[in-house]
Undergrad: 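Before we start, here is the structure in question, set down as structure tokens.
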Amino acid sequence: MSMKAPRGTVDILPKDAAKWQYAENKIKDVCGRFHFKEIRTPLFEHTEVFQRGVGDSTDIVQKEMYTFEDRGGRSLTLRPEGTASVSRAFVENKLFGDPNQPVKLYYFAQMFRYERPQKGRMRQLNQFGVEVLGSADPAVDAEVIDLAMTVYKELGLTSLKLVINSLGDKESRDNHRQALVNHFEPYKEELCSDCQKRLSQNPLRVLDCKKDRDHPTMKTAPSILDYLNEASKTYFEQVQEYLTIMNIDFVVDPNLVRGLDYYNHTAFEIMSEAEGFGAITTLAGGGRYNGLIEDLGGPETPGIGFGMGFERLLMALEAENIEIPIDESLDCFVVATGSGEVEKEATRLVHELRTNGIQVDKDYQGRKMKAQFKAADRFQSKYVLVLGDEELEKKTINLKEMETGQQLEVPVENLIEELRKRLLGGK
RNA sequence: GCGGUCGUGGCGAAGUGGUUAACGCACCGGAUUGUGGCUCCGGCAUACGUGGGUUCAAUCCCCACCGGUCGCCCCA
């Protein structure tokens, strides 16, 4: 096979596409009830948008971006995540001037990350995501988390775990950061090479290192929760209170550190606990990013959002054995048998039925009548319309109901009415 | 970037250092010349991931590469 999809990419074939559509529609419905509006941003941005928006110290920017130069010598990058793009669009289109604040947005988008493919990790991945810009109300944090949990619940998932943490405001973070450096610096040589770098770049991330998890200094490391100033502490408590009011279960994990630089205050992750889900359990992750809009040249604007992996969502549904209801049946199949005139009439008839709201298909493979019936059967056609020389002569159609096997002669001029009555309940 | 494992028709799956590479499913046709699902019979197919090497001879042995898959790091 010489022509293959690039590594880490897959084709979504019709059978699966139907599942995607189902999930997308359900999600759009939830977004509508939460009063979020869709936004669509370009597939690629100036590389700088992500460097500044996502953060230079992140894995995404350092080693995972699909960056290329266009013919004009500009450095562009296929978007690796959604927040930076949406924030750029917010600033560029001056949505901060919209009287309807906060601005509540959702998106479905392909993301691109140059990584080694694995179960639940593709180089081109699909995300559903949400961003709320313009409000620093802790109730918004709760609303965003509620939206994500509602999507999962309405699709039928039950084995979920919501983990939250607070990274605090700038003052809290700076104090904690200094405490971390003071704590780990004496033992620097004993930590893994990644952590040694993290200690100077982003010491917070030392905390969720899997390699050094058992190092004795980990247990005694200063917790961010002990360094939250009054305002940050109160904010985090309010978020938890709102979640409790909405009956949303959660656990606080002080070591939950989101990988992107822009997060502060609330950070959260939703994981699947279903059996056999694979090594990757994170379904969605997000957090608050007050300050990002300013970094991108906008006015001081608080923001919060999350990204939800679509492939992982479908994996989770499968892991929990949740069947997605898909109707693959066909209303009508026209079986034409006979002369060329019959073929012409069949073509005319198919067109007429379709333009009158009836789903219909016919054979184009030159199959024999028996094989055409087989095809109709495979398509799960509810009705078969047999058209032959006899019917052509009499200007009738033989209508067969496949489930019961009953047949009747219907004058062509009454066919649409008859089918509508049967298929649409007379509408 | 690192490690394990795998790579045979559309799909699944045997197999061998040497003349036509099993079989099952699917598909098409016939039995049943205007009627599906069952049965029987027949047919069908650009198949041994790619490139080297060993050999008289490689799908099989060796090497490299590519790709799938699972895991590590990290995340969605």
Undergrad: Counting only side-chain heavy atoms from C-beta out, which of B:G36, B:C73, B:C28 sits nearest to A:R367?
TA: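 The answer is B:C28.
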Undergrad: Would you classify A:L313 as touching base, sugar-phosphate or nothing, given that sugar-phosphate means primed atoms plus P, OP1 and OP2, and contacts are heavy atoms under 4.0 Å?
TA: nothing
Undergrad: By the 4.0 Å heavy-atom rule, please label A:G366 as base, sugar-phosphate, or nothing.
TA: nothing
Undergrad: Just the rounded figure in Å: distance from P of B:C38 to CZ of A:F373.
TA: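 Value for this atom pair: 16 Å.
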Undergrad: Partner lookup for B:G1, please. Criteria are Watson-Crick or G-U wobble with both distances under 3.5 angstrom; report none if nothing qualifies.
TA: B:C72
Undergrad: Describe the nucleic acid contact of A:G120 in one word from base, sugar-phosphate, nothing, applying a heavy-atom distance below 4.0 Å.
TA: base
Undergrad: Check whether the side chains of A:D146 and A:Y242 place a donor and an acceptor atom closer than 3.5 Å, and report yes or no.
TA: no
Undergrad: Considering only side-chain heavy atoms of A:K370, which listed nucleotide, B:G36, B:G1, B:C27, is closest?
TA: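 Among the listed nucleotides, the one closest to the side chain of A:K370 is B:G36.
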Undergrad: Should B:G9 form a Watson-Crick or G-U wobble pair with both distances under 3.5 Å, which nucleotide is its partner?
TA: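 None - no nucleotide pairs with B:G9, as no candidate has both distances under 3.5 Å.
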Undergrad: Mind checking the CD-CG spacing from A:E345 to A:L392? Nearest 0.5 Å is all I need.
TA: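 A:E345 CD to A:L392 CG: 6.0 Å, rounded to 0.5 Å.
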Undergrad: By nearest atom, which of the nucleotides B:C72, B:C75, B:G37 is closest to the A:D377 side chain?
TA: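 From the listed options, B:G37 comes nearest.
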Undergrad: Ignoring backbone atoms, establish whether A:K368 has a side-chain N or O less than 4.0 Å from OP1 or OP2 of B:G30.
TA: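 Yes, such a contact exists.
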Undergrad: Under a 3.5 Å cut-off for both contacts, is B:G49 paired Watson-Crick or G-U wobble with anything, and if yes, with which nucleotide?
TA: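 For B:G49, the partner nucleotide comes out as B:C65, under the 3.5 Å rule.
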Undergrad: Using atom C1' of each nucleotide, how far apart are B:C62 and B:C72 to the nearest Å?
TA: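 That atom pair is separated by 29 Å.
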Undergrad: Does a nitrogen or oxygen in the side chain of A:Q118 sit under 4.0 Å from OP1 or OP2 of B:G71?
TA: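 Indeed, a polar side-chain atom of A:Q118 lies that close.
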Undergrad: In this structure, how many angstroms lie between the P atom of B:G37 and the CZ atom of A:F379, rounded?
TA: 16 Å
Undergrad: Can you check the A:E115 CD to B:G3 P distance for me, whole Å?
TA: 18 Å
Undergrad: Expressed in whole Å, how much space separates the C1' atoms belonging to B:A47 and B:U54?
TA: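 It comes out at 25 Å once rounded to the nearest Å.
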Undergrad: Any strand is fair game: report the nucleotide pairing with B:C38 by Watson-Crick or G-U wobble, both distances under 3.5 Å, or none.
TA: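 Result: none.
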Undergrad: Is any side-chain N or O of A:E391 under 3.5 Å from a base N or O of B:G34, one able to act as donor and the other as acceptor?
TA: yes
Undergrad: Using the C1' atoms only, state how far B:A26 lies from B:U20, rounded to an integer number of Å.
TA: 24 Å
Undergrad: Determine the interatomic distance between C1' on B:C75 and the same-named atom on B:C63; round to the nearest Å.
TA: 36 Å
Undergrad: Write down the atom of A:D327, the atom of A:S329, and the distance for their closest heavy-atom approach.
TA: OD1-OG, 2.8 Å
Undergrad: Tell whether A:R121 reaches the base of B:C74 with its side chain through a donor-acceptor pair below 3.5 angstrom.
TA: yes
Undergrad: Grab the CG-P distance between A:D59 and B:A76 for me, whole Å please.
TA: 11 Å
Undergrad: Could you check how far CD1 of A:I280 sits from C1' of B:G71, rounded to whole Å?
TA: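 In whole Å, B:G71 C1' lies 10 Å from A:I280 CD1.
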Undergrad: Counting any heavy atom closer than 4.0 Å, what does A:R113 reach on the DNA or RNA strands: base, sugar-phosphate only, or nothing?
TA: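 A:R113: base contact, heavy atoms under 4.0 Å.
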Undergrad: Mind checking if A:M402 touches a base, just sugar-phosphate, or nothing, with heavy atoms under 4.0 Å?
TA: base
Undergrad: Respond yes when some side-chain nitrogen or oxygen of A:R7 is under 4.0 Å from OP1 or OP2 of B:G68, and no when none is.
TA: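 Yes, within the criterion.
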Undergrad: How are the rings of A:F306 and A:F128 set to each other: parallel, tilted or perpendicular (split at 30° and 60°)?
TA: perpendicular
Undergrad: Using purine N1 to pyrimidine N3 plus N6-O4 or O6-N4 for Watson-Crick, or N1-O2 and O6-N3 for G-U wobble, both under 3.5 Å, which nucleotide pairs with B:C27?
TA: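 Pairing partner, where one exists within any strand: B:G43.
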Undergrad: Does the Lys NZ or Arg CZ of A:R79 fall within the cation-pi geometry relative to A:F50 - under 6.0 Å from the ring centre and within 45° of the axis?
TA: no
Undergrad: Does the B:U35 base have a donor-acceptor partner in the side chain of A:K400 within less than 3.5 Å?
TA: yes
Undergrad: Between the side-chain atoms of A:E269 and the base atoms of B:A76, is any donor-acceptor pair under 3.5 Å?
TA: no
Undergrad: Nearest heavy atom decides the nucleotide; on that basis, is A:R116 or A:L387 closer to the 5' end of RNA chain B?
TA: A:R116
Undergrad: Under 3.5 Å, is there a donor-acceptor pair between the A:S87 and A:E131 side chains?
TA: no
Undergrad: Which label fits A:H176 and A:Y227: parallel for a plane angle under 30°, tilted from 30 to 60°, or perpendicular past 60°?
TA: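 The rings of A:H176 and A:Y227 sit tilted, inter-plane angle from 30° to 60°.
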Undergrad: How many whole angstroms separate atom CZ of A:R312 from atom C1' of B:A76?
TA: 4 Å
Undergrad: Scan A:E311 against the nucleic acid and name what it touches under 4.0 Å (heavy atoms): base, sugar-phosphate only, or nothing.
TA: nothing
Undergrad: Between B:G68, B:U35, B:C27, which one does the side chain of A:V386 approach most closely?
TA: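 The closest nucleotide is B:U35.
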Undergrad: A:G278 near the nucleic acid: base, sugar-phosphate alone, or nothing, with a heavy-atom cut-off under 4.0 Å?
TA: sugar-phosphate
Undergrad: Would you indicate what A:M111 reaches in the nucleic acid, counting non-hydrogen atoms under 4.0 angstrom: base, sugar-phosphate, or nothing?
TA: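 Result for A:M111 = nothing.
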Undergrad: Under 4.0 Å between any heavy atoms, over every strand shown, what does A:A375 touch: base, sugar-phosphate, or nothing? Just pick one.
TA: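 Result for A:A375 = nothing.
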Undergrad: RNA chain B: A:A279 or A:T404, which has the more 5' nearest nucleotide?
TA: A:T404
Undergrad: Calculate the interatomic distance between A:M369 atom CE and B:U35 atom P; express it in whole Å.
TA: 7 Å
Undergrad: So what does A:N126 hit on the nucleic acid, given a heavy-atom distance under 4.0 Å: a base, only sugar-phosphate, or nothing?
TA: nothing
Undergrad: Quick one: does A:R378 reach the base of B:C27 with a side-chain donor-acceptor pair under 3.5 Å?
TA: no
Undergrad: Please determine whether any donor N or O and acceptor N or O are separated by less than 3.5 Å between the side chain of A:Q407 and the base of B:U35.
TA: yes
Undergrad: Would A:K104 and A:Y106 count as a cation-pi pair here, with the cationic atom under 6.0 angstrom from the ring centre and within 45° of the axis?
TA: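 Not satisfied by the 6.0 Å and 45° rule.
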Undergrad: Hey, what's the ring geometry for A:Y114 with A:Y66, parallel, tilted or perpendicular (30° and 60° as the breaks)?
TA: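 Perpendicular, since the angle between the ring planes exceeds 60°.
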Undergrad: Could you tell me how far B:C11 sits from B:A57 if I compare only their C1' atoms? Round to whole Å.
TA: 33 Å
